[in-house]
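Only one structure is covered here, and it is reproduced in the block below.
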Amino acid sequence: MGPKASEHERVTRSRAGKGLSLRAVLPNAITAAALCSGLTSILFAIGNQWPQAVFAMILAGVLDAMDGRIARLLKAQSRFGAELDSLSDSASFGIAPALVLYLWALVDAPRLGWLAALAYAICCALRLARFNAQIDVDDQPHKSAGYLTGVPAPMGAGFAFMPVYLWLATGEAIFREPLLVGPWIILVAILMVSNMATPSWKSLAPSGDFKLAFIALAGLLVGGLLIETWWTLVLIGVVYMALIVWSVTGYAKVKRERRAEVSDDTPETGETAMPPASRKPLAVDEVDAALSGKGDR
């Protein structure tokens, strides 16, 4: 058994209580490491070590992406792994970011700040619960079109930290204002539980003409993270926002095509179905007359 590879892939059945196979130990160990990294960001936040808290969260996201890929390579995917991965994501990308952001900025407005943090953590848990409930569902329009439903939990955590990136890059106190951070993380929470189409790895797979450009872009991205970490993270967030718009537009096109196919497959009988004629409601005296007439017969 092992973690799921990604949200658009099918999970295989478990081994009926036979325990973990040896090949499943590695991906599940990486999942546990991602959980530890996400929770450790809270420790850094308590010590006001904000860059370290962000790096711990980023490391958790990297490990979360790795465990699924390794599980797929080892053919160790299962429902157990999906459950473990979701529980880890809920703590690492739901509870931990909420607490870190509360300690970073929202503590200055305790009531509004705590409600915003709760909203984020709850919406992250709801999103993961929705995904688990739909694992065995065949009719998933977004999945069949190559998209995800709502913003994934790791990317949601990255979105939620956007004010932190801007604050670390500029030093401007405005990005630490609770009246800015609170509504922002509530917006991110809504995006996570929304039904909008969002990009998946499958939808972003480059074609043959762009594979070399994609490799070069990946190299530049790593260079940017090493030289200008915070601005590069801001850029990644902005690009992902643009990809969400692209995904929504692309899925709308897919829905139109599906509707056209359904209308084309509808058989033509040559006759137009007439709606049933509407009857005028009877008045009270007319009803009494009709009943009396029946009694006479």
With the 4.5 Å side-chain cut-off for hydrophobic clustering, are [X] and [Y] part of the same group?
X	Y	result
L106	M57	yes
M196	V188	yes
I244	L187	yes

Determine whether a donor-acceptor pair (N or O, by modelled atom type, separation under 3.5 Å) exists between the side chain of R127 and the backbone of L191.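 Answer holds: no.
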Mark yes or no for whether S37, through its side chain, and A56, through its backbone, hold a donor-acceptor pair below 3.5 Å. yes
Looking at residues at least two apart in the chain, or sitting in another chain, which of them share a side chain to side chain contact (heavy atoms under 4.5 Å, CB included) with [X]?
X	answer
A125	S90
R111	none
V222	L226

Taking only distance into account, with no hydrogens and no angle test, what donor-acceptor pairs under 3.5 Å do side-chain atoms of residues 92-103 form with protein atoms, sequence neighbours excluded?
{"residue": "S92", "atom": "OG", "partner": "A34", "partner atom": "O", "Å": "3.3"}
{"residue": "S92", "atom": "OG", "partner": "S88", "partner atom": "O", "Å": "3.0"}

Residues 229-243, side-chain donor-acceptor partners within the protein, below 3.5 Å, at least two apart:
{"residue": "T229", "atom": "OG1", "partner": "L225", "partner atom": "O", "Å": "2.5"}
{"residue": "T232", "atom": "OG1", "partner": "G224", "partner atom": "O", "Å": "2.9"}
{"residue": "T232", "atom": "OG1", "partner": "E228", "partner atom": "O", "Å": "2.6"}

For Y251, all residues meeting ring-ring contact (aromatic ring centres under 6.0 Å, His included), sequence neighbours excluded: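 Expected list: H142.
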Contacts of type ring-ring contact (aromatic ring centres under 6.0 Å, His included), residue F44, not counting sequence neighbours: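 If we apply the ring-ring contact (aromatic ring centres under 6.0 Å, His included) test to F44, skipping adjacent residues, there are no hits.
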Rest of the hydrophobic cluster containing I190 (Ile/Leu/Val/Met/Phe/Trp/Tyr, side-chain heavy atoms under 4.5 Å)?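 Its cluster mates, by chain and number, are I186.
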With N195 via side-chain hydrogen bond (donor to acceptor under 3.5 Å, both in side chains) - residues at least two apart: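 Testing N195 for side-chain hydrogen bond (donor to acceptor under 3.5 Å, both in side chains), a comparison that skips the adjacent residues, returns R130.
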Donor-acceptor pairs are to be reported for all side-chain atoms of residues 162-183 against protein atoms at under 3.5 Å, with residues two or more places apart or in another chain.
{"residue": "Y165", "atom": "OH", "partner": "G158", "partner atom": "O", "Å": "3.4"}
{"residue": "T170", "atom": "OG1", "partner": "L166", "partner atom": "O", "Å": "2.7"}
{"residue": "T170", "atom": "OG1", "partner": "E172", "partner atom": "N", "Å": "3.2"}
{"residue": "R176", "atom": "NE", "partner": "W104", "partner atom": "O", "Å": "2.7"}
{"residue": "R176", "atom": "NH2", "partner": "W104", "partner atom": "O", "Å": "3.2"}

